[in-house]
Structures are given as C-alpha cells and as structure tokens.
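What follows is a set of notes on a single structure, which appears directly below.
Because the structure is a prediction, the values reported are computed rather than measured.
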Amino acid sequence: MTTTVRISWSRTYDNSKMWNEVCVWAIEMFGLPGDKFIATANVNYMEFIFKSNKDALIMALRWNAEIVPDDQLTLEFVGSRLH
C-alpha cells in the first residue's frame, strides 16, 4: 500500500525555485525516486507517492501538503476516464 502527498502549483511564489527546493529536499531526505517514493507531475500539482506512511507524513508536514486518500484518487481516476 502507498500514500500519496500532493503539492499544488501556486502563483504566490516562483514555481521553478520552489520545485527545485521541494525536489532537492525530497532526494536529500528519502534518496532518489524509486526506492522510497516516486514522483509525478501535471499542470495542477506534483504528487509524491511513498511506500511508507511515515515518510509521506514527513513530506506533507514539511511542505504543508495534502495527503490524498485512496478514495479520492480512485474517484479522480474514474472521472478522468469518463470524458
């Protein structure tokens, strides 16, 4: 089972600088993607999918990010296929 942490893009800060900081911090804290987490990005947000609930909680607390429940991920996936 995995835990997803979602960090939304924002206009309140320089996104390129912010995302460099987020990604560098994640790599320094958890190592390269693949072992403890994977990361995906789209036009609205970046998601970090962790194997450990504790690692996901650390990420969410550090970046004031949302932990996305599995039910929400399922609904979003189904909704994306209904178009």
## Note on the structure
Tracing side-chain contacts under 4.5 Å among Ile, Leu, Val, Met, Phe, Trp and Tyr outward from Val68 reaches Leu73

### Task
Check whether Ile27 and Met46 end up in the same hydrophobic cluster, where Ile, Leu, Val, Met, Phe, Trp and Tyr are linked by side-chain heavy atoms less than 4.5 Å apart.
no

### Message
Is any side-chain heavy atom of Val22 closer than 4.5 Å to one of Phe48?
### Response
yes

### Task
Please check if Val5 and Leu75 belong to a single hydrophobic cluster, counting links between Ile, Leu, Val, Met, Phe, Trp and Tyr side chain heavy atoms closer than 4.5 Å.
no

### Message
Is there a side-chain contact between Asp70 and Met1 in this structure, where contact means two heavy atoms from C-beta onward sitting under 4.5 Å apart?
### Response
yes

### Message
I want to check something: taking the side chain as every heavy atom from C-beta on, are Lys36 and Lys51 in contact at a cut-off of under 4.5 Å?
### Response
no

### Query
With Glu66, which residues qualify under salt bridge (Lys or Arg N to Asp or Glu O under 4.0 Å), at least two apart?
none

### Message
Is there a path of hydrophobic side-chain contacts, each under 4.5 Å between heavy atoms, that joins Leu61 and Met59?
### Response
yes

### Donor-acceptor under 3.5 Å (Trp9 side chain, Asn42 main chain)
yes

### Query
Shared ILVMFWY cluster between Phe50 and Leu57, side chains joined below 4.5 angstrom?
yes

### Query
Are any non-hydrogen side-chain atoms of Glu21 and Trp63 less than 4.5 angstrom apart?
yes

### Message
Counting neighbours of CG on Asn44 that are heavy atoms of other residues, nucleotides or ligands and sit closer than 6.0 Å, is the number greater than 12?
### Response
yes

### Task
Calculate, to the nearest 0.5 Å, the distance between atoms CD and SG belonging to Glu28 and Cys23 respectively.
11.5 Å

#### Entry: Connected-component partners of Ile49 among ILVMFWY, side-chain separation under 4.5 Å
Ile38

### Task
State yes or no: do Met18 and Tyr45 share one hydrophobic cluster built from I, L, V, M, F, W and Y residues joined by side-chain heavy-atom distances below 4.5 Å, directly or via other members?
no

